[in-house]
Amino acid sequence: ISLQMQLILAWVGLVIGTIALLLLNGFSTWGWIIISLLFMLSVLIYTDYGQTSAEYIIATIFHRNIALPRFLFRSTLQLLPLSLLVWSAYSFGLFFLTKSIINNYIPLYIGLGFPLAATVGVMAVFSPAGLGVREGVLIGYFSLAGFSLVDATSISVVMPVYNDGPYLN
């Protein structure tokens with residue numbers, strides 16, 4: 001996947017995460033953090049200042065000149081259907097995984113926690129592949145949804161195996 005597609009996926013994942021928090025009435029608790037991340041990513045993607053600053057920081061840290069892709073909002077609109085398809089597939093996966101573990105009624109929007117957790121996990125640069133961060137966000141998300149801590153932890157621990165399992169050989 002290109003860097004441009006990865007950035008659009010992260011942007012769309014944060015938008016979906018904001019919607020998920022609104023559906024759970026958890027926006028007042030965590031929403032401002034997500035909105036801040038969404039704002040920073042939007043500045044990075046859509047402004048020359050953000051891209052120039054990011055290129056300077058990368059060049060300073062890694063001693064390499066890397067040109068970030070310049071894109072317009074139009075390119076986001078072109079990649080939006082594919083991004084929504086990818087996040088929908090993962091969201092349905094989390095919904096069905098949760099449904100297979102928990103025997104109670106599970107609303108369909110519970111799957112929207114995956115784009116939120118995956119995106120925040122990837123943006124946590126201190127954690128390789130968001131390891132631990134994804135799980136923590138999922139536990140918090142499921143706790144906001146009214147799940148017990150045991151159920152939330154069980155789902156968040158099983159999700160990486162379900163999600164990354166095909167890649168483990």
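A distance of 11.5 Å separates OG1 in T60 from CD in E55, rounded to the nearest 0.5 Å. To the nearest 0.5 Å, atoms CD1 (I110) and CZ (F96) are separated by 14.0 Å. Rounded to the nearest 0.5 Å, atoms CG (L138) and OG1 (T153) are 10.5 Å apart. Taking CD1 of I8 as the start and CG of L41 as the end, the distance is 8.0 Å to the nearest 0.5 Å. To the nearest 0.5 angstrom, R134 atom CZ is 12.5 Å from L116 atom CG. Here the CG-CD1 distance, from L22 to I34, works out to 11.0 Å after rounding to the nearest 0.5 Å.
Taken together through direct or relayed side-chain contacts under 4.5 Å among Ile, Leu, Val, Met, Phe, Trp and Tyr, F92 and V158 form part of one hydrophobic cluster. A single hydrophobic cluster is seen to contain both M40 and L9, as judged by linkage of ILVMFWY side chains at heavy-atom distances under 4.5 Å, directly or through other members. In the hydrophobic cluster analysis, where Ile, Leu, Val, Met, Phe, Trp and Tyr join through side-chain heavy atoms closer than 4.5 angstrom, M159 is grouped together with L108. Criterion: ILVMFWY side-chain heavy atoms under 4.5 Å apart, direct or through other members. Under it, L77 and Y46 are part of a common hydrophobic cluster.
When all heavy atoms are compared, the tightest approach of N65 to A59 is OD1-CB, 3.6 Å. When all heavy atoms are compared, the tightest approach of G111 to L94 is O-CD2, 3.8 Å. Across all their heavy atoms, G50 and L44 have their closest contact at O-CD1, 3.7 Å.
Side chains of L144 and L21 form a contact here, defined as non-hydrogen atoms less than 4.5 Å apart. Counting heavy atoms from C-beta on, the side chains of L112 and Y109 come closer than 4.5 Å. When side chains are defined from C-beta on, I102 counts as touching I155, because their heavy atoms get closer than 4.5 Å. Contact check for L37 versus M123: side-chain heavy atoms found under the 4.5 Å cut-off.
Applying the side chain to side chain contact (heavy atoms under 4.5 Å, CB included) rule to S154 yields the partners V150; only residues at least two apart in sequence or on another chain are considered. Scored by the side-chain hydrogen bond (donor to acceptor under 3.5 Å, both in side chains) test, S148 finds D151 as partners (sequence neighbours excluded). Applying the ring pair (Phe, Tyr, Trp, His ring centres under 6.0 Å) criterion to F147, with sequence neighbours excluded, gives F142. In this view, T47 satisfies the side-chain hydrogen bond (donor to acceptor under 3.5 Å, both in side chains) rule with no residue, not counting sequence neighbours.
Ring planes of Y90 and W87: tilted class, angle from 30 to 60°.
Apart from L149 itself, the hydrophobic cluster it occupies contains I139, where clustering links Ile, Leu, Val, Met, Phe, Trp and Tyr at side-chain heavy-atom distances under 4.5 Å.
Distance alone, capped at 3.5 Å, places no donor-acceptor pair between the Q51 side chain and the D48 backbone.
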Show me, pair by pair, the donor-acceptor contacts under 3.5 angstrom made by side chains of residues 10-20, not counting sequence neighbours?
| from | atom 1 | to | atom 2 | distance (Å) |
| --- | --- | --- | --- | --- |
| W11 | NE1 | S42 | OG | 2.8 |
| T18 | OG1 | L14 | O | 2.9 |

